Asks: 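One structure, pasted below without further comment.
Worth saying up front: this structure is predicted, and the values here are computed from it rather than measured. Heads up: numbering here begins at 1 and tracks the sequence.
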Amino acid sequence: QVQFVESGGALVQPGEPLRLSCVAPGFHLDYYAIGWFRPAPGKEREGVSCAGYSDGSTWYADSVKGRFTISRDNTKNPVTLPMNSLKPEASAVYYCAANLMRSSCGSGAPLRSEYDYWGQGTQVTVSP
């Protein structure tokens, strides 16, 4: 059973940075877009960011544009999400997953139904 492993979550103060990582032991990320998600009010999980496989495509939720930067290394497996200028509303469990239907991100928000191999998530808490 393929499963991502997320790490890097922590308790930080508003304005501080954090860097999340996810790996999929024994699984090659080739050909799949990789997305980061977090729970949202009234929703199970919403897309935060996406990184395409071969076309360099990326996508960001409006709430994180300019502050989060997704990055992937197709030879070394990890997908990272450096997060700058964190706000309290960013507090959540962050999950990464692979899009089994697409290798690029597209222009719209990632559809949770297209993603699989969910990990257990990593907790980010932004609080004074």
Asks: Rounded to the nearest 0.5 Å, how far does CE of Met101 lie from CD of Glu114?
Replies: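 Going from the CD atom of Glu114 to the CE atom of Met101 covers 4.5 Å.
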
Asks: Short question: side chain of Ser103, backbone of Tyr53 - any donor-acceptor pair under 3.5 Å?
Replies: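 Between the backbone of Tyr53 and the side chain of Ser103 there is no qualifying donor-acceptor contact (under 3.5 Å).
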
Asks: Which heavy-atom pair separates Gly119 from Gln3 by the least distance, and what is that distance?
Replies: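 For Gly119 and Gln3, the tightest heavy-atom pair comes out as CA-CG, 3.9 Å.
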
Asks: Would you say the ring centers of Tyr115 and Tyr95 fall short of 6.0 Å from each other?
Replies: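 No, ring centres 6.0 Å or more apart.
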
Asks: Would you say that Leu81 contacts Ser49 through its side chain, given a criterion of any heavy-atom pair below 4.5 Å between the two side chains?
Replies: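 Counting from C-beta outward, Leu81 and Ser49 do come under 4.5 Å.
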
Asks: With the 4.5 Å side-chain cut-off for hydrophobic clustering, are Trp118 and Ile34 part of the same group?
Replies: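 Each belongs to a different hydrophobic cluster.
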
Asks: Would you find more than 12 non-hydrogen atoms of other residues, nucleotides or ligands less than 6.0 Å from Arg72 atom CZ?
Replies: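 Atom CZ in Arg72 is crowded, with more than 12 foreign heavy atoms closer than 6.0 Å.
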
Asks: Measuring from Arg102:CZ to Leu100:CG, what's the distance to the nearest 0.5 Å?
Replies: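 Reported to 0.5 Å precision, the distance equals 12.0 Å.
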
Asks: Does one hydrophobic cluster hold both Val126 and Leu20, with members joined at side-chain heavy-atom distances below 4.5 Å?
Replies: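 Cluster IDs for Val126 and Leu20 match.
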
Asks: Tell me the closest heavy-atom pair linking Met83 and Tyr94, and the distance in Å.
Replies: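 Residues Met83 and Tyr94, closest heavy atoms: SD-CE2, 4.3 Å.
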
Asks: Is Phe37 linked to Val5 within one hydrophobic cluster, defined over Ile, Leu, Val, Met, Phe, Trp and Tyr using a side-chain heavy-atom separation of less than 4.5 Å?
Replies: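 No.
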
Asks: With a 6.0 Å cut-off (strictly less than), is the heavy-atom count around CZ of Arg67, excluding the residue itself, greater than 12?
Replies: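 Atom CZ in Arg67 is packed in, count exceeds 12.
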
Asks: Can you name the nearest heavy-atom pair linking Pro88 to Pro14, along with the distance?
Replies: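 Pro88 and Pro14 have their closest heavy atoms at CG-CG, 4.1 Å.
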
Asks: So which atom in Pro110 and which in Cys50 form the shortest heavy-atom distance, rounded to 0.1 Å?
Replies: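 Taking Pro110 first and Cys50 second, the nearest heavy atoms are CG-CB, 4.2 Å.
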
Asks: Would you say Tyr32 and Val2 are hydrophobically clustered, going by side-chain heavy atoms of ILVMFWY under 4.5 Å?
Replies: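 Yes, because Tyr32 and Val2 connect within a single hydrophobic cluster, where side-chain heavy atoms sit under 4.5 Å apart.
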
Asks: Are Phe68 and Leu18 grouped together when hydrophobic residues (ILVMFWY) are joined by side-chain heavy atoms under 4.5 angstrom apart?
Replies: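 Yes, same cluster.
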
Asks: Using every non-hydrogen atom in the two residues, find where Ala90 and Arg38 come nearest and quote the distance to one decimal.
Replies: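 Minimum heavy-atom contact is CA-NH1, 3.7 Å.
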
Asks: Would you call Trp36 and Glu6 a side-chain contact if the rule is heavy atoms closer than 4.5 Å?
Replies: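 Sidechains of Glu6 and Trp36: in contact.
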
Asks: Could you report the tightest heavy-atom contact between Ser57 and Asp55, atom names first, then the distance?
Replies: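 It is OG-OD1, 2.8 Å.
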
Asks: Can you tell me if CD on Gln120 sees more than 12 non-hydrogen neighbours from other groups inside 6.0 Å?
Replies: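 Incorrect, the count does not exceed 12.
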
Asks: Going by the angle between their ring planes, with limits at 30° and 60°, are Tyr117 and Phe4 parallel, tilted or perpendicular?
Replies: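 Ring orientation, 0 to 90° scale: tilted.
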
Asks: With a 4.5 Å heavy-atom cut-off, do Ile70 and Trp59 have their side chains touching?
Replies: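 No; the side chains remain at least 4.5 Å from each other.
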
